[in-house]
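Numbering of ligands and ligand atoms starts at 1, following listing order.
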Amino acid sequence: MEVRVRYAPSPTGLQHIGGVRTALFNYFFARANGGKFILRVEDTDRERYSDESLQDLYDTLRWLGISWDEGPLVGGPYGPYIQSERFDLYKQYAEQLVRDGKAYNCYCSPERLEQVRLEQQMSKSEVQGYDRHCRNLGESERAALEKQGIRPVIRLKVPTEGKTTFTDVLMGDITRRNRDVSPDPVLLKSDGFPTYHLANVIDDHMMGITHIMRAQEWIPSGPLHILLYEAFGWEPPLYCHLPMVMGKDGQKLSKRHGSTSVRDFRSKGYLPEALMNYVSLVGWSYDGQREFFSKKDLEDLFSLEKINKAPGVFDYKKLDWFNGQYIRQMGDEALTDMLLPYLVDAGFLTLPLSDEAKQKMASLTPVVKERMKVLADVVELSRFLFEEPTYEDVTLFAAKGVELPVAYDALQRAYEVLKKGFADKKETQLIEEELTELAQQLGVKVNAVFMPIRVALTGSTVSLPLFDSIGLLGQDKTGARIENALAILKRGVV
Ligand code: GLU
Ligand code: ZN
């Protein structure tokens, strides 16, 4: 049997980590088994639908390099793959169920349903939900209601006795008493629109889906879906509900933990390879040891048996670490291309790049490459190269435990050393040695000498390694900034 799996998101918001994890697991499972990965857009909720979300879905999958074998844009033998283009089909099937006595028309007004709800609430009734009022309407009653022009909804006849069981690959058998299943949920609304349950089950069947991998929050819908398959007389697919994605505090991952939309990760400069690698490890592992997996690796190695039953923890720090590793594996030229948009956005560079800017980038990239967690870090790391520092707080010049006049003196003496030039590695090395000696002569720690230079060059106490910064700025700018800093310091010191 050919494996056919699907990712079936509702375009009602941006793609987030949990959704993308579901997409990836389905995609890898299909690839690992020589099966098909299908994308289906479940846009039955027209109120929450947005074009932006749909576009974001396509963009996100494309960015990750996840292509679908069948689905919107590419088509396939079971299309259309957008539910709003299949409304006629759902209607036909719902009406079929009514004819077969598995579903029925309900003519209750919203007011009546609200009344029922209030009464249930007041009497603290155990039964919640629809009171099945129309389930046993006689032929004449129905005819009368039709005559009044009331457009009915179609409800499923959920058995009131017995139990329903479905088998989940991870969780085993899950059984519910039928009387605990939602009492006769609506399948088709009065405007002819299907509800999620109806469209989802019909499509999974029509599209030949063999395995349903989806978030665990859908487990409560399981028994209802099985009842629908039974009503239609169809064989249900295999289920594999995926463990939850949590934050480090054990709560379901949400905005409270940080960004969750892939778009945010993308704009901060996470690489698709890193995000894919890390997200695949949230709730899945190969052997509990190995951490690095390329897309190709996962396409070969993914298996359902290795999915964890326990919830997966999404650790932002760990993702940063992965991203840093992937950045450091990149070639300088490719990385430069990816950094440019950030520098242009920050107003540091304009396109097309001047020759001078190209040169600057050629020396900047290898230095920042070692220190970035995300591509956007390049902005703060390189700001000093493109903007003159302002020295608002002169106390920064003094390293911890150092008096300002000492810092001033150290900077002045350091400047004499730096003036000798540092055109190549060897000269730079000598300068570094001399500055270290200078600290000894002054009877201070090296940092007391390095800090005022660092602040003079970058305006900040944290920066790229000092000698890399000096090299990037070049002789002239280094000299000019130190002179400027000395002048400002002098005013503050005397
Ligand atoms: N449209 C549902 C969602 O947004 C699909 C659930 C399922 O995979 O059955 O999650
Ligand atoms: Zn009714």
Just the distances, no angles: every ligand 1 N or O to protein N or O pair closer than 3.5 Å, one line each.
unit_1, atom_1, unit_2, atom_2, d
ligand 1, 1 (N), Ala8, O, 2.8
ligand 1, 1 (N), Ser10, OG, 3.0
ligand 1, 1 (N), Glu42, OE1, 2.6
ligand 1, 4 (O), Ser10, N, 3.3
ligand 1, 4 (O), Ser10, OG, 3.2
ligand 1, 8 (O), Arg6, NH1, 2.6
ligand 1, 8 (O), Arg6, NH2, 3.4
ligand 1, 9 (O), Arg6, NH2, 3.0
ligand 1, 9 (O), Tyr196, OH, 3.0
ligand 1, 9 (O), Asn200, ND2, 3.0
ligand 1, 9 (O), Arg214, NH1, 2.8
ligand 1, 10 (O), Trp218, NE1, 3.3

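Using a 4.0 Å cut-off between a side-chain N of Lys or Arg and a carboxylate O of Asp or Glu, Lys295 and Glu299 qualify as a salt bridge. Salt bridge status for Asp69 with Arg31: present, with a side-chain N to carboxylate O gap under 4.0 Å. Using a cutoff of 4.0 Å between basic side-chain nitrogens and carboxylate oxygens, Asp180 and Arg177 are scored as salt-bridged. Look at Lys157 and Asp100 and you find no salt bridge, because none of the NZ, NE, NH1 or NH2 atoms lies under 4.0 Å from a carboxylate O.
Checking Tyr27, Phe25, Tyr81 one by one against Phe37, the ring-ring contact (aromatic ring centres under 6.0 Å, His included) holds for a single residue, Tyr27. Test Glu70, Met207, Arg214 against Arg6 for side chain to side chain contact (heavy atoms under 4.5 Å, CB included) and you get one pass: Arg214.
A ring-centre distance under 6.0 Å is found for His225 and Tyr196.
Counting only distances under 2.8 Å, and ignoring water, the protein N, O or S atoms around the Zn ion (ligand 2) are Cys106 SG, Cys108 SG, Tyr130 OH, Cys134 SG.
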### Task
Could you walk me through whether Ser53 and Asp56 pass side chain to side chain donor-acceptor pair (under 3.5 Å), step by step?
CA-CA 5 Å; Ser53 312; Asp56 179 70; over 6 Å; no
### Message
Go through it in stages, so that I can follow the logic: the residues are Tyr316 and Phe314, the test is ring pair (Phe, Tyr, Trp, His ring centres under 6.0 Å), and I'd like the CA-CA distance, side-chain angles, deciding distance and then a yes or no.
### Response
CA-CA 6 Å; Tyr316 288 82; Phe314 185 82; 5.0 Å; yes
